[in-house]
Amino acid sequence: MWKQFIGKLSWKSLKSSSGGGGGGGFSPPVKPSPLSPLANGAAVKPNVSPPPPAGAEGRSMEDAFVQKVNTCCVVFDFSDRGKDSAEKERKRQVLMSLVDCVGAAEEPLTEAMMSACVRIFAVNLFRVFPPKVRSGTTASETEEDEPFFDPSWYHLQVVYELFLRFVTSPMVDAKVARKYVDSSFISRLLDLFDSDDPRERDCLKTILHRIYGKFMGNRPFIRKAVSNIFYRFVFETDHHNGIAELLEVFGSVISGFAKPLKEEHKLFLWKALIPLHKPKTVGVYLPQLTYCITQFIEKETKLAGTVIRGLLKYWPVTNSQKEVMFLGELEEVLELTDMAEFQKCMVPLFRRVANCLNSSHFQVAERALFLWNNEHLFDMISQNRQVILPIIYPALERNTRWHWNQSVLNVTLNVRKMFLDMDERLLQTCQNNFQDEEDKRAANEERRRLMWEQLERNAAAAFQPVITDTSFPVPPSSAPLVAPTVT
């Protein structure tokens, strides 16, 4: 395979050099001169050269491969489609031939070939993106920006395909290639995840996953570098295009963590993943984030309490749409929570749920009430009803009396009936306590109202205006005005 490919490349190089102008252009065959021996039909003794020494053939193949790679290190301007179109197409054809060569290689790539491949990736892919211009309007939490399609993607796609073939090829020795796929290379590769083109981010996602699997020595650095991207996004920039793709990669990475989890992995959950609930655009990547978090809980159920406390820490207060998403994620986490962890955090948890039940936004109240449809959660609530029901009963009672939405009112009555069937005596006790609290609150309000009225009357009596004769004698209008004399 290597001999066929290198022979093909060498023949193209020969034709391109004979055609002039550079590149892969074709030239017509040269006719023999009338004065030459071939034109007269004379036999010419072939020029027999000695056989090449051992290893010369391998070096010639390597040199031809590196030469073709070097021709692809020329970067063109794709903003103007008509500019250098022939050279762009010629380079693309060479890239496609390199893709076929690396993908079908039957012999290991030499170190020079690996170095050349990494150089072509760096030259063609690594670039600086233009700064983000934020609009004056506030974007929705689940709304993505308009996708931008890079005009050079027709060309970059082949480079990414070559990159993927290089990483996945069994003919690439990871120990040798790691000298070139180093920390600096990976850092610049991770910077590309901020690309506006979703097609490029999708290719990067696949390549990063393959790099993480093949170059095991780079795994700690990749985890640390991705954590830094998350920190910068949450606490500084508040904008990054590739958070969803990075989380998707780490979803499969987390599923491969060995048990018991290392302390480093637990810190990644607490310091990198849970703070990702803070940004306004959490809805863009929430499914991937939820998957990563549930993978941690499946590995170690004791982390459920940590996750729930983290959700309560970043719980939205004035954002109803985000609150609905948090309730959905909370239900997924509670499905994986055991009784011991549930009991540790149930008091602050159901205080927050009670606030959601009384939300004036009907979707928030309805989503909180739907938590009782989960069988696992309902079972844990029923076993801890002595603690939970006194917390949420006032919210249920207020909904039945004053909530404006009929759907929320109906679901509230159903939940209330569940508790009635569960423990009628406890429900009656909570109802009596609620009524006593309401009576006390009404009495306090009436006392406060009477106190303010008394204060207003006292203030009105103490500051009555006193009318006295403060008039001054007015001089007669006929009196002449005498100017003061200055001595």
Side-chain angles (χ1 to χ4, degrees), residues 297 301-302 304-313 315-317 320 323-445:
I297 299 176
T301 56
K302 292 182 179 180
T306 301
V307 172
I308 293 174
R309 286 189 292 271
L311 285 174
L312 296 177
K313 177 181 178 181
W315 197 276
V317 179
S320 300
E323 203 166 3
V324 172
M325 293 187 288
F326 270 53
L327 287 168
E329 183 179 3
L330 177 63
E331 182 175 2
E332 293 190 37
V333 172
L334 288 173
E335 284 182 353
L336 304 173
T337 307
D338 57 12
M339 184 62 70
E341 293 298 320
F342 178 76
Q343 290 176 344
K344 293 178 182 178
C345 58
M346 62 182 177
V347 173
L349 172 61
F350 280 92
R351 285 176 181 166
R352 174 56 61 184
V353 172
N355 292 335
C356 295
L357 293 176
N358 288 144
S359 174
S360 58
H361 196 291
F362 78 97
Q363 290 181 342
V364 176
E366 195 173 45
R367 187 64 185 85
L369 289 166
F370 285 161
L371 293 175
W372 274 261
N373 292 336
N374 189 294
E375 294 183 2
H376 177 66
L377 180 56
F378 180 78
D379 182 60
M380 291 193 295
I381 292 174
S382 62
Q383 296 183 39
N384 297 275
R385 59 183 180 273
Q386 299 289 340
V387 178
I388 296 175
L389 185 55
I391 297 175
I392 65 168
Y393 183 83
L396 295 174
E397 191 64 27
R398 292 189 187 98
N399 275 1
T400 57
R401 295 186 183 184
W402 300 303
H403 205 283
W404 63 273
N405 187 269
Q406 186 62 39
S407 176
V408 173
L409 179 60
N410 294 336
V411 181
T412 302
L413 293 174
N414 292 336
V415 173
R416 193 173 181 275
K417 187 176 183 301
M418 291 179 184
F419 281 109
L420 181 64
D421 298 337
M422 191 186 304
D423 195 334
E424 183 177 359
R425 180 179 299 178
L426 178 61
L427 183 69
Q428 187 63 40
T429 303
C430 293
Q431 184 175 4
N432 296 335
N433 293 337
F434 174 77
Q435 191 61 44
D436 294 341
E437 291 295 329
E438 285 295 307
D439 294 341
K440 291 180 182 179
R441 185 179 61 83
N444 290 334
E445 289 182 358

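In summary, the side chains of D439 and Q435 do present a donor paired with an acceptor at a separation below 3.5 Å, with no hydrogens or angles considered.
Within the structure, side-chain hydrogen bond (donor to acceptor under 3.5 Å, both in side chains) contacts touching residues 347-365 (residues at least two apart or in different chains) are N358-N399.
Qualifying salt bridge (charged side-chain N to carboxylate O under 4.0 Å, His left out) partners for D421, counting only residues two or more places apart in sequence or in other chains: K417. Applying the salt bridge (charged side-chain N to carboxylate O under 4.0 Å, His left out) rule to D379 yields no partners; only residues at least two apart in sequence or on another chain are considered. Judged as a side chain to side chain donor-acceptor pair (under 3.5 Å), and not counting sequence neighbours, Q431 has no contacts. The ring-ring contact (aromatic ring centres under 6.0 Å, His included) search around F326 returns H277, W315, not counting sequence neighbours. With sequence neighbours excluded, no residue forms a side chain to side chain donor-acceptor pair (under 3.5 Å) with E424. Taking D436 as the reference, nothing meets the side chain to side chain donor-acceptor pair (under 3.5 Å) condition, with sequence neighbours excluded. By the salt bridge (charged side-chain N to carboxylate O under 4.0 Å, His left out) test, R398 pairs with no residue at all, sequence neighbours left out. For the side chain to side chain contact (heavy atoms under 4.5 Å, CB included) test, residues two or more places apart in sequence or in another chain that qualify with Q386 are D423, L426. Under the rule for a side chain to side chain donor-acceptor pair (under 3.5 Å), the partners of N410 that lie at least two apart in sequence or sit in another chain are Q406. Applying the salt bridge (charged side-chain N to carboxylate O under 4.0 Å, His left out) criterion to E438, with sequence neighbours excluded, gives R441.
The minimum heavy-atom distance linking F362 with V408 is given by the pair O-CG2, 3.7 Å. Minimum interatomic distance between S320 and V364 (heavy atoms only, all atoms of both residues): O-CG2, 3.6 Å. Shown here for A354 and A395, the closest heavy-atom pair between the two residues is O-CB, 3.6 Å.
The CG atom of L427 sits 8.5 Å away from the CZ atom of F419 when rounded to the nearest 0.5 Å. Between atom SG of residue C430 and atom CZ of residue R385 there is a gap of 11.0 Å, rounded to the nearest 0.5 Å. For the atom pair CG (L396) and CG (N414), the distance works out to 11.5 Å, reported to the nearest 0.5 Å. For the atom pair CD1 (I392) and CG (L371), the distance works out to 10.0 Å, reported to the nearest 0.5 Å. Atom OG1 in T400 sits 6.0 Å away from atom CZ in R416 (nearest 0.5 Å). Here the CG-OG distance, from L389 to S382, works out to 11.5 Å after rounding to the nearest 0.5 Å.
Taking 4.5 Å as the limit, every side-chain heavy atom of P394 sits out of range of all side-chain heavy atoms of E437. Within the 4.5 Å cutoff, side-chain heavy atoms of M339 are placed close to those of N384. Between N433 and P390, every side-chain heavy-atom pair lies at or beyond the 4.5 Å cut-off.
When the shell of 6.0 Å around CZ of R401 is examined, it contains more than 12 heavy atoms from other residues, nucleotides or ligands. Under a cut-off of 6.0 angstrom, the local environment of CD in E375 is sparse, with at most 12 non-hydrogen atoms contributed by other residues, nucleotides or ligands.
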Return all side-chain donor-acceptor pairs below 3.5 angstrom for residues 330-338, not counting sequence neighbours, or 'none' if the list is empty.
unit_1: E331; atom_1: OE1; unit_2: R367; atom_2: NH1; d: 3.1
unit_1: E331; atom_1: OE1; unit_2: R367; atom_2: NH2; d: 2.6
unit_1: E331; atom_1: OE2; unit_2: N374; atom_2: ND2; d: 3.3
unit_1: E335; atom_1: OE2; unit_2: N374; atom_2: ND2; d: 2.7
unit_1: T337; atom_1: OG1; unit_2: V333; atom_2: O; d: 2.8
unit_1: D338; atom_1: OD1; unit_2: E341; atom_2: N; d: 3.1

Could you walk me through whether I308 and F342 pass the side-chain contact (heavy atoms from CB on, under 4.5 Å) check?
-> CA-CA 9 Å; I308 293 174; F342 178 76; 5.8 Å; no
Let me see the working for T412 and H403 under side-chain contact (heavy atoms from CB on, under 4.5 Å), right down to the final yes or no.
-> CA-CA 10 Å; T412 302; H403 205 283; over 6 Å; no
